[in-house]
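Below is one structure; the comments refer to it alone.
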Amino acid sequence: MNPFAYSRVDAPDAAIHALLQNAKFLGGGTNLVDLMKYGVERPSTLVDINHIGLDKVQADANGATIGALVRNSDLANDPGIVANYPLLSHALLSGASAQLRNRATTGGNLMQRTRCYYFMDTAFPACNKRKPGSGCAALKGFNRIHAILGQSDEGSTSPHTCIATNPSDMNVALYALDAKVEVHGPKGKRTIPVRDFHRLPGDHPEQDTLLRPDELILSVTLPAAKFAKNSWYLKARDRQSYAFALVSVAAGLEMDGDRIKTAGLALGGVAHKPWRSAEAEHALEGKPATEETFEKAADAALAGAKGYEHNAFKVELAKQCVVRALMQASKGVQAS
Amino acid sequence: MMQADPKPTQPPQTPYRYDGVLKVTGKAKYAAEFSEPFPKGDLLYAYMLQATVPAGTIAAMDTKAATRASGVVAVLTPFNAPKLPVGKPQPPGKRSLTVLQDNNVSYNGQPIGVVIAKSLPEAIHAARMIKVTYNETPAKLDFMGRLGEGHAPKNPGKDPASQSRADADAAFASAAVTVDNTYVTPIQNHNPMEPHGTIAWWNGEKLNVYDATQYITGDKMTLARILNVALDNVHVQDPYVGGGFGSKGSTWSHVILAAMAAKIVQKPVKLVLEREQMFGPVGYRPTTVNHIKLAAGSDGKLTLVQQDVTMSASVLEEFVEHSELPARKLYASKQIITTTKLVDCNYGVATFMRAPGEAPGTAVFEIAMDELAERLKMDPVQLRLLNYAERDPSEDKPWTSKHLRECYAQAAGRFGWSKRNATPGQMVEGNKLIGYGFGTATYPANRSAAMAKVSYLPSGRVFVGSGTQDLGTGMYTVMAQTAAANLGLDPMQMDVKLGDSTLPKAPVSGGSQSTASVGPAVDTACIQLRLKVAGVALSDKQSPVYGAKDTDVDVMHGRVFLKSNQTKGESVTSLIARNGNVPIEAEGSAEPGEDKSSMTSQSFGAVFAEVAVDKDTHMVEVRRVVATYDIGTLVNDKTGINQLEGGITWGVSFALHEEAHIDLRYGRTVNESLAEYHVPVNADIGTIDVTVLNIPDTKFNPLGARGIGEIGITGAAAAVANAIYNATGKRVRHYPITPDKIMMA
Ligand SMILES: Cc1cc2nc3c(=O)[nH]c(=O)nc-3n(C[C@H](O)[C@H](O)[C@H](O)COP(=O)(O)OP(=O)(O)OC[C@H]3O[C@@H](n4cnc5c(N)ncnc54)[C@H](O)[C@@H]3O)c2cc1C
């Protein structure tokens with residue numbers, strides 16, 4: 001681990017002021033500290049934000065405000081969230097382990113970095129995300145957990161290539177729910193729709209999000225609850241618990257009898273950010289809740305997907321999971 | 001007078017594990033946790049540097065910045081390390097160590113240096129400043145792409161002498177029913193919870209180590225030889241081991257490096273491997289490709305069993321994973337042919353891991369048998385019974401004891417095997433496909449020479465010591481129980497000591513032999529102790545038994561007394577008090593009997609599994625496993641059944657989860673953490689229902705116990721694989737059986 005300074009602040013303003021060059025906020029530390037041990041992250045200072053407040057959840061049918069320091073466990077079990085946004089609750093509970101969820105914060109989860117092996121191990125020479133311009137070792141490496149949608153693929157040596165995925169479960173639900181992220185920086189506050197918060201790798205794979213290095217996440221807000229009665233979070237993974245998604249699907253349906261009025265659909269484990277497809281939602285809206293409709297939506301969601309040597313299976317797996325999650329959502333919600 | 005009665009029944013049980021309270025209260029100290037006997041503050045921390053290329057030589061290591069970095073005491077590299085008489089691989093582990101004697105790099109992750117600093121973070125920080133330049137050479141990494149380069153092992157060991165391919169081909173060609181498929185098992189890493197770790201310090205010429213090891217005696221011998229120290233000058237201690245699974249059975253490079261570092265800095269040095277450092281330098285199970293051919297008559301009788309295995313091996317050292325063994329031991333067949341071949345790769349050195357040979361062997365062979373049963377339209381259990389091996393088919397010898405038929409019957413009954421639908425995909429519950437599967441378990445009974453020391457203490461407690469190890473397996477409990485049973489005392493009255501090389505020698509805690517080896521040694525020592533106590537009493541004028549014939553006296557329940565009149569006697573404590581108030585000591589040893597070569601001692605079992613496979617996510621739930629084993633005497637209910645349950649859990653792990661993925665260009669394991677190298681979590685393990693027949697095998701040893709450390713993993717992986725087939729109709733022949741493989745099959 002590199003030497004670093006540690007400072008603890010007790011208010012959001014103080015946190016923003018404390019953020020010097022190359023400093024990082026410390027939330028639960030479950031991602032940042034690991035990456036510091038591996039030598040991937042080398043902040044000069046850790047600004048501990050665990051005591052700045054922002055740790056409350058306010059949720060009812062009309063909307064929700066979730067403080068950036070709310071722990072994943074507290075959020076998943078908040079009665080207002082469970083009753084009105086069960087999709088978010090289930091996505092959270094399917095992530096990591098109880099111990100990690102007790103530590104992990106909402107802001108930290110939004111910001112967690114990819115689990116790409118070549119990013120996490122500094123012994124691999126090429127990773128555009130870790131060492132901009134160095135190339136992408138994953139493209140021709142062991143890429144079973146990598147992206148099939150929205151990736152930058154210009155060959156292993158290109159400074160743009162990146163096929164990493166966003167590993168979060170929470171984020172997938174936030175995308176389906178149309179969440180917004182409230183942030184605060186030296187230039188004041190701004191609101192970023194979560195869909196725009198994370199980036200596709202594009203020409204800058206080293207940038208995961210649009211958050212500026214000097215900005216603090218204050219909270220996440222949710223619009224009025226549309227999917228409280230019909231939603232499902234489905235996670236396909238290599239073991240029953242404590243594994244990142246191979247593919248996950250957050251499906252929310254607003255039903256009008258047997259017809260779908262509106263839909264929120266997002267996929268995890270397939271792209272550099274949770275994958276939300278307007279075409280897929282369009283294929284659902286106004287249609288009867290049948291397997292045929294769901295299959296069309298699945299095809300639309302996966303349109304243009306491209307697999308690699310070890311992850312080609314994700315295309316078909318994702319389609320099956322989309323259909324299943326929508327089918328389940330059309331019938332109700334997951335038992336809590 | 002007193003004789004070693006065979007003990008076909010269980011000794012008295014401890015109410016809980018002997019070391020249970022220490023474990024749950026955190027008082028049981030593991031090797032890297034000691035902070036004495038050296039002065040506080042003296043301890044330095046070492047971090048092991050590893051190569052980041054798979055093959056070549058190190059051109060240079062720029063250590064200037066590291067040497068000057070905060071807290072750094074010394075930096076060891078191949079360019080400044082002291083020369084050692086290493087030479088050839090060192091017995092007993094016979095490991096090719098890489099201890100900075102040359103600048104060759106044979107695998108990515110190979111130790112190439114050590115940084116010693118006042119704290120671990122400082123050592124790691126300095127290590128990252130070291131710039132290594134290499135002259136890379138082409139590396140052999142693509143095992144699967146180079147199967148054709150397989151060569152016979154230098155030491156074929158267990159391969160049968162003569163086999164006729166022509167006869168085999170004829171049998172195959174003329175058979176009514178055949179199976180001809182290839183099955184793959186992956187590289188697996190042991191991943192014990194406790195990482196490998198060593199604390200080393202020197203007192204003059206005397207070397208002391210606390211080391212996380214399954215074999216303190218082996219450690220001692222290896223350290224003495226490589227560092228050129230007299231054997232008596234090496235002291236190894238390790239009272240508790242947090243699992244090893246074979247990876248701690250050999251002394252690896254880091255142990256030597258810690259001792260070298262301690263010598264150079266003249267301070268105690270602690271070197272603990274990070275989790276990611278355990279993927280390469282401390283062994284792993286090699287990958288095996290098993291081409292299996294079975295031939296049978298329409299009656300189901302096997303006419304040919306053929307298994308040709310090609311496995312990965314390190315360019316540094318040959319290690320043969322005998323996955324062909326179950327094919328040679330399990331069933332009677334007219335012909336049995338097996339071969340093993342190695343493909344040299346720029347990987348670290350492979351080693352014993354969780355039932356080496358039998359685990360991958362049963363995992364693949366018992367799928368092939370399932371396929372044969374299906375082609376014969378025969379119940380898989382029936383097929384096994386039809387080809388039941390009444391004698392050891394590999395060597396045509398009798399078994400010392402075998403009751404596998406009872407295992408099949410008992411476990412099948414408890415499982416409800418008769419409800420199985422032989423046609424796959426027929427049992428459906430909502431979105432889940434349900435399947436039943438079965439596999440036979442087997443593991444040899446091993447036993448080695450062991451010694452133990454016992455002494456009656458003036459307090460009335462009894463010291464029981466042996467230079468064995470407890471990996472969390474229950475050796476403390478077994479030693480306490482065995483001694484207590486012999487002496488007629490409460491097991492918790494025993495002061496058990498192990499994990500110290502000054503105690504009488506015991507074998508490596510591997511091969512499921514510790515109970516079978518150390519148990520009889522403790523037993524013999526106790527018999528000697530009773531003789532000694534009686535001897536003291538017979539010659540003590542003040543003793544109530546003074547002058548009696550030695551055959552008329554016994555020592556039990558803390559008393560020495562006349563057999564004919566048990567009230568005539570006294571407590572051992574009063575006898576000791578009158579005789580100098582010093583402990584009465586005895587030693588005992590036990591070794592395998594002469595019978596060893598004329599008969600085969602082997603454990604067996606039957607494992608049944610029920611799985612539910614999700615139709616869309618293709619995730620597998622192992623709902624229940626029911627198994628019955630024939631392992632001889634069960635010495636302790638709690639530790640014994642727990643070993644078997646743990647083994648089954650590893651079987652599920654083998655079937656569904658474990659695999660190290662090595663990048664084919666860099667030769668590094670990419671999933672080198674417990675987040676990405678999967679083993680089962682609680683949610684993956686349904687109910688496990690284990691019973692044992694508890695029929696003593698007294699031809700094997702007087703205890704009748706054959707050892708149970710490893711048999712649990714065998715057969716279980718195939719039971720799960722076969723259940724997945726029964727559920728889905730998809731036959732996956734490449735472990736682990738992950739959702740993508742099921743979907744694509
Ligand atoms: C073994 C393991 C398994 C896991 N499995 C899963 C899983 O299955 N599914 C899943 O979704 N996740 C999983 N996780 C990831 C886990 O969810 C994240 O580590 C966690 O959410 C990160 O939150 P944190 O508060 O600990 O973040 P930290 O580690 O504290 O921070 C992460 C990043 O966020 C930044 N940050 C934190 N708070 C703020 C803020 N308020 N404003 C701006 N920046 C901020 C930090 O500076 C840092 O860069 C797993 C993690 C581990 C270690």
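Just so you know, these numbers come straight off a predicted model, no measurement behind them. Throughout, a chain's letter reflects where its sequence line sits, starting with A, and its residues are numbered from 1.
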What heavy-atom pair brings [X] and [Y] nearest, and what distance separates the two atoms?
X         : Y         : result
Thr738(B) : Arg144(A) : CB-NH2, 3.6 Å
Thr617(B) : Leu234(A) : CG2-CD1, 3.8 Å
Arg665(B) : Gly141(A) : NH2-CA, 3.1 Å
Met743(B) : Phe313(A) : CE-O, 3.3 Å

Verdict with reasoning, Glu274(B) to Lys37(A), per side chain to side chain contact (heavy atoms under 4.5 Å, CB included): CA-CA 10 Å; Glu274(B) 303 281 325; Lys37(A) 285 189 189 160; 5.6 Å; no
Can you tell me how far [atom2] of [Y] sits from [atom1] of [X], rounded to the nearest 0.5 angstrom?
X         : Y         : atom1 : atom2 : answer
Arg42(A)  : Arg128(B) : CZ    : CZ    : 6.0 Å
Ile737(B) : Asp238(A) : CD1   : CG    : 12.5 Å
Gln328(A) : Asp616(B) : CD    : CG    : 8.5 Å
Gln240(A) : Met619(B) : CD    : CE    : 4.0 Å

In terms of heavy-atom contacts, does NZ of Lys730(B) have more than 12 from other residues, nucleotides or ligands at under 6.0 Å?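 Buried by this count: over 12 neighbours within 6.0 Å.
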Hey, which of [options] has the most heavy atom pairs under 4.5 Å with chain B?
options                                    : value
Ala243(A), Pro125(A), Ala96(A)             : Pro125(A)
Glu316(A), Met120(A), Lys314(A), Arg237(A) : Arg237(A)
Gly39(A), Cys321(A), Ser97(A), Ala312(A)   : Gly39(A)
Tyr242(A), Tyr38(A), Phe124(A)             : Phe124(A)

Could you have a look at [options] and say which one has the most heavy-atom pairs with chain A under 4.5 angstrom?
options                                    : result
Ala675(B), Pro739(B), Ala123(B)            : Pro739(B)
Asn431(B), Leu656(B), Asn671(B), Ile124(B) : Asn431(B)
Glu621(B), Lys741(B), His125(B)            : His125(B)

Tell me, side chain or backbone of [X] under 4.5 Å from chain A's heavy atoms, or both, or neither?
X         : answer
Asn682(B) : neither
Gln50(B)  : neither
His657(B) : side chain
Val620(B) : backbone
Leu674(B) : backbone
Ser673(B) : side chain

Using non-hydrogen atoms only, which part of [X] is less than 4.5 Å away from chain B: side chain, backbone, both, or neither?
X         : result
Met327(A) : neither
Asp121(A) : side chain
Ala137(A) : both
Lys319(A) : neither
Leu246(A) : side chain
Phe244(A) : side chain

Walk me through it: do Tyr118(A) and Asp663(B) pass the test side chain to side chain donor-acceptor pair (under 3.5 Å)? CA-CA 10 Å; Tyr118(A) 301 92; Asp663(B) 181 285; 2.5 Å; yes
Parallel, tilted or perpendicular: which describes the rings of His661(B) and Phe142(A), with under 30° parallel and over 60° perpendicular? parallel
